[in-house]
Student: 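Dropping the structure in here first, questions after.
Residues take their numbers from the sequence shown, with the count starting at 1. Quantities reported herein were computed from a predicted structural model and do not represent experimental measurements.
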Amino acid sequence: QVQLVESGGGSVQSGGSLRLSCAASGTGYSRYCMGWFRQAPGKERGWVAWISSVLNTGYADSVKGRATISRVNADNTLYLQINSLKPEDTAMYFCAAYYSDTAYSCTGTAGRYDYWGQGTQVTVSS
C-alpha cells in the first residue's frame with residue numbers, strides 16, 4: 001500500500017517555473033513506477049511524465065523539453081520541474097504509482113496506476 005501527497009502547486013505567470021513534489025509513504029517505493037498526470041476542467045486526465053525504478057523517464061509531447069521528472073528513492077519523494085509554463089498547463093496535477101517488476105520502463109496509461117494522490121493545482125496566467 002502506498003499513500004501519495006502532492007505539494008508545490010500555485011499560481012504563476014506564463015514563462016515561469018514550478019517544482020511539484022510528491023511524498024510517498026509505504027514500503028518498496030523504489031520498485032514502483034511513478035508518474036505525473038494532470039486534469040484541466042472539463043478535460044480527461046492526461047499523462048505528463050513517468051520515471052522507472054532505474055530512473056529511466058518518459059514525457060508527453062506537450063511537456064517534452066520543458067519538464068523534468070525525478071525521484072529520490074532514499075526519501076520516497078517524486079518531483080516534477082516544469083519550465084516555460086504556458087496557460088494550457090493550467091490543471092490539477094496528480095502523482096501516481098504502481099508496482100512493477102520491470103525496472104526499465106513504465107506506462108503513461110492512467111488505468112495501470114494503482115495509487116493516486118489528491119492533487120495540487122497549477123494555474124498559469126498569460
Student: Sequence neighbours left out, what pairs pass side chain to side chain donor-acceptor pair (under 3.5 Å) with at least one residue falling in residues 7-26?
Tutor: Ser17-Asn83
Student: I'd like to know if the side chain of Glu6 reaches the main chain of Cys95, judged simply by a donor and an acceptor atom lying under 3.5 Å from each other, with no hydrogens or angles considered.
Tutor: yes
Student: For Val72, is there any backbone N or O sitting under 3.5 Å from a side-chain donor or acceptor partner on Asp75?
Tutor: no
Student: Work out which heavy atom in Asp101 is nearest to a heavy atom in Arg31; give both atom names and the distance.
Tutor: OD1-NH2, 3.7 Å
Student: Which pair of heavy atoms, one from Ala97 and one from Met34, lies closest together, and at what distance?
Tutor: CB-SD, 3.4 Å
Student: Measure across Val122 and Leu18 and return the closest heavy-atom pair with its distance rounded to 0.1 Å.
Tutor: CG1-CD1, 3.6 Å
Student: Can you give the donor-acceptor pairs under 3.5 Å from side chains of residues 105-112 to other protein atoms, not counting sequence neighbours?
Tutor:
unit_1: Thr107; atom_1: OG1; unit_2: Thr109; atom_2: N; d: 3.1
unit_1: Thr107; atom_1: OG1; unit_2: Thr109; atom_2: OG1; d: 3.2

Student: What's the spacing between Arg38 CZ and Lys43 NZ if we round to 0.5 Å?
Tutor: 9.0 Å
Student: Within this structure, what is the OH-CG distance for the pair Tyr93 and Leu20, rounded to the nearest 0.5 Å?
Tutor: 7.5 Å
Student: If I compare all heavy atoms of Thr120 with all of Gly8, which pair ends up nearest, and what's the gap?
Tutor: OG1-N, 4.1 Å
Student: What are the two closest non-hydrogen atoms of Lys64 and Tyr59, and how far apart are they?
Tutor: CE-O, 3.5 Å
Student: Has Trp36 got a side-chain atom pairing as donor or acceptor with Tyr79's backbone, closer than 3.5 angstrom?
Tutor: yes
Student: Measuring only between side-chain heavy atoms, which start at C-beta, is Cys33 closer than 4.5 Å to Ser100?
Tutor: yes
Student: Mind checking the CG-OG spacing from Leu85 to Ser125? Nearest 0.5 Å is all I need.
Tutor: 10.0 Å
Student: Would you say the side chain of Trp50 lies within less than 4.5 Å of the side chain of Ser52, judging by non-hydrogen atoms?
Tutor: yes
Student: Can you label the angle between the Trp116 ring and the Phe37 ring as parallel, tilted or perpendicular, going by 30° and 60°?
Tutor: tilted
Student: Please confirm whether Arg45 makes a cation-pi placement over Phe94, using NZ or CZ under 6.0 Å from the six-membered ring centre and within 45° of the ring normal.
Tutor: yes
Student: How long is the straight-line distance from CD of Gln1 back to CG of Asp114, given to the nearest 0.5 Å?
Tutor: 9.5 Å
Student: Going through the checks in order, is the side chain to side chain contact (heavy atoms under 4.5 Å, CB included) test met by Leu78 and Ile69?
Tutor: CA-CA 8 Å; Leu78 176 73; Ile69 187 172; 3.9 Å; yes
Student: Using every non-hydrogen atom in the two residues, find where Gln118 and Val5 come nearest and quote the distance to one decimal.
Tutor: OE1-CA, 3.7 Å
Student: Any sub-3.5 Å donor-acceptor pair from Arg71's side-chain atoms to Thr77's backbone N or O?
Tutor: no
Student: Just how far is it from atom CG of Leu80 to atom OG of Ser70, taken to the nearest 0.5 Å?
Tutor: 8.0 Å
Student: Treating Trp47 as the side-chain partner and Ala49 as the backbone partner, does any N or O pair qualify as donor plus acceptor under 3.5 Å?
Tutor: yes
Student: To the nearest 0.5 angstrom, please state how far the CD1 atom of Ile51 sits from the CG atom of Asn73.
Tutor: 8.0 Å
